[in-house]
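These notes are about the structure you will find just below.
Order of the sequence lines fixes the chain letters, A, B, ..., with proteins taken first and strands second; residue numbering starts at 1 for each chain. What's counted below: heavy atoms across the whole structure, side chains too, no hydrogens, waters or symmetry copies.
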Number of protein chains: 2
Amino acid sequence: MAKLFHEYKNPSLAVDLVIFGYHDNTLSVLLLNRKEEPFKDCWTLPGGFLQMEETFLGTCYRILKTKTGMDDVFLEQLYSFDNPGRDPRGRVIAVGYYALINPARFNIIAGSMANDVKWFDVHKMPKLGFDHRDIFQLALQRLKSKILYDPVGFELLDELFTITELHELYECILETTIDRRNFRRKILDAEYVINTGTKREGLQNRHPELYKFNKKLKKNSFQINVNVS
Amino acid sequence: MAKLFHEYKNPSLAVDLVIFGYHDNTLSVLLLNRKEEPFKDCWTLPGGFLQMEETFLGTCYRILKTKTGMDDVFLEQLYSFDNPGRDPRGRVIAVGYYALINPARFNIIAGSMANDVKWFDVHKMPKLGFDHRDIFQLALQRLKSKILYDPVGFELLDELFTITELHELYECILETTIDRRNFRRKILDAEYVINTGTKREGLQNRHPELYKFNKKLKKNSFQINVNVS
DNA sequence: CCAAAAGTGTTCGGGGTACACCCATGG
DNA sequence: CCATGGGTGTACCCCGAACACTTTTGG
């Protein structure tokens with residue numbers, strides 16, 4: 001055996017991140033404005049190349065850390081994208097991941113690669129470079145179906161939250177209305193959340209109870225039903 | 001810019017296939033017995049390296065064609081596997097795909113890379129090389145959840161099939177019993193199938209009606225419910 | 001006539017949906 | 001005391017689950 005494997009020509013491997021954040025009843029995605037060609041001055045998903053020794057998650061955290069200052073977030077692999085024309089520099093395969101974060105926890109910083117880092121409402125996305133629109137759309141679709149049966153919504157909220165806040169989050173992501181009382185019953189019956197006994201103070205009306213996520217809860221132990229349109 | 005992208009060191013990219021076939025009330029997976037190191041004489045999933053100009057599906061079809069003589073089958077991307085130790089030859093990323101085929105349609109041939117090509121009952125799998133057991137298990141899990149809401153079962157059957165055959169397929173894959181009458185009603189109500197008006201001949205009992213898949217049927221237009229264990 | 005599998009309808013119960021009133025708080 | 005949003009209970013209906021008898025065919 002003459003050559004080592006990596007000495008053959010191989011496509012490059014990039015990891016691209018769809019970072020979802022939720023704030024003010026708005027679901028947003030974090031985009032970078034590129035300082036370099038290709039797609040200079042275009043908005044793109046944060047991404048980076050996989051290093052030889054790195055895992056995908058390793059790359060994800062490197063991107064999150066250096067470009068946005070984040071760590072310890074929910075990450076899930078989305079899909080791998082192989083369109084031969086997706087990167088004008090050559091053959092690049094992209095492994096898409098999506099992240100769910102609470103923007104309040106982090107100070108977003110513009111890294112060295114980007115002019116600017118900004119949250120965009122998922123309904124007001126700019127034109128994206130590469131095939132990032134495809135990646136974004138798949139991620140959004142995945143998130144929408146995932147929150148129906150997997151308790152991931154809390155990743156986007158503060159550690160303590162009210163049922164109403166969780167309810168609004170679901171309505172925002174699913175773009176529909178959900179009966180408030182039925183939602184509450186289902187979430188409580190499924191033990192999605194644990195009542196902390198504390199209340200949110202300082203409001204001009206009744207103080208809602210604060211809950212935290214029940215970490216023992218398993219996937220598929222509840223099911224939110226929505227009119228599929 | 002001095003170097004072209006692919007001249008940097010990159011991990012190799014392999015595509016590994018979990019090929020499901022159904023026959024005699026048994027769900028099987030096609031495995032190759034390797035002629036070469038690593039994992040010489042071990043059973044593995046069919047796979048191959050992505051060529052620079054190739055798409056993932058291109059690689060899939062190349063593998064299917066050269067190793068098994070198949071084409072025109074259902075293929076879906078499963079997941080990408082990045083465990084740094086998964087291939088003893090060096091850093092190899094694997095993109096997993098799974099295929100659903102009707103074994104009756106093809107003559108399986110042992111290609112030049114393999115000692116042997118064989119179907120294995122999913123419940124009687126041998127020890128697999130690389131991380132192929134992980135890939136296989138994820139594929140099986142995906143198939144089990146997919147047939148509940150996406151009409152893919154027919155991919156494993158002949159073009160014309162009876163409701164009973166479809167019913168047995170579901171019971172076999174899901175490893176459970178499903179009420180025959182409720183299943184039939186649900187499949188017919190959802191217009192999963194179209195009655196061809198012909199009947200299966202030559203049986204010693206009542207001749208069942210033959211159906212074909214309704215190609216207009218969309219995902220999520222039905223839902224099989226099963227006791228989740 | 002018998003064995004074997006195909007085909008068909010009805011009943012019952014649980015869960016999902018729809019819906020309205022009282023409560024707590026700050027101003 | 002009023003405005004605002006939080007918290008709670010019930011009735012109905014639909015869908016899913018359970019279930020048994022008749023029909024067709026070959027031998």
Find out whether [X] and [Y] are in side-chain contact, i.e. whether some heavy atom of one side chain is under 4.5 Å from a heavy atom of the other.
X      : Y      : result
A:N220 : A:K218 : no
B:L75  : B:L64  : yes
A:I93  : A:L13  : yes

Reckon B:L203 touches a base, only the sugar-phosphate, or nothing at all at heavy-atom distances under 4.0 Å? sugar-phosphate

Look at all strands and tell whether A:T162 reaches a base, only sugar-phosphate, or nothing, counting heavy atoms closer than 4.0 Å. nothing

Please name all residues satisfying salt bridge (charged side-chain N to carboxylate O under 4.0 Å, His left out) with A:R185, sequence neighbours left out, ordered by chain then number. none

What residues form a salt bridge (charged side-chain N to carboxylate O under 4.0 Å, His left out) with B:D150, not counting sequence neighbours? B:K146

Rounded to the nearest 0.5 Å, the CG atom of A:L27 sits from the OH atom of A:Y22 at a distance of 8.5 Å

Once you round to the nearest 0.5 Å, how far does CD of B:Q141 lie from OH of B:Y98? 11.5 Å

Could you check, using the six-membered ring where one of them is a Trp, whether A:F154 and A:F161 have ring centers closer than 6.0 angstrom? no

Using the ring centroid of each side chain, check whether B:F81 and B:Y79 are separated by less than 6.0 Å. yes

Using a cut-off of strictly less than 4.0 Å between a heavy atom of the residue and any atom of DNA chain D, enumerate the qualifying residues of residues 204-213 of chain B by number. B:Q204, B:N205, B:R206, B:H207

Give me the residues of residues 168-182 of chain A where at least one heavy atom lies under 4.0 Å from an atom of DNA chain D, by number, or none. A:R180, A:R181

Whole angstrom is fine here: how far is it from CG in A:N225 over to P in D:dC14? 16 Å

Starting from P on D:dC15, measure out to CD on A:Q223 and report it in whole angstrom. 16 Å

How are the rings of A:F183 and A:H167 set relative to one another: parallel (under 30°), tilted (30 to 60°) or perpendicular (over 60°)? tilted

Should the pair B:Y192 and B:Y170 be assigned to parallel (<30°), tilted (30 to 60°) or perpendicular (>60°) ring geometry? perpendicular

In residues 183-199 of chain B, which residues come under 4.0 Å of DNA chain C by heavy atom? B:R184, B:R185

A:K144/A:E175 ion pair, N-O < 4.0 Å: yes

Out of B:N195, B:T198, B:T164, which one pairs with B:E209 under the side chain to side chain donor-acceptor pair (under 3.5 Å) rule? B:N195

Under a 4.0 Å heavy-atom criterion, DNA chain C is touched by chain B from C:dA4 to C:dT10

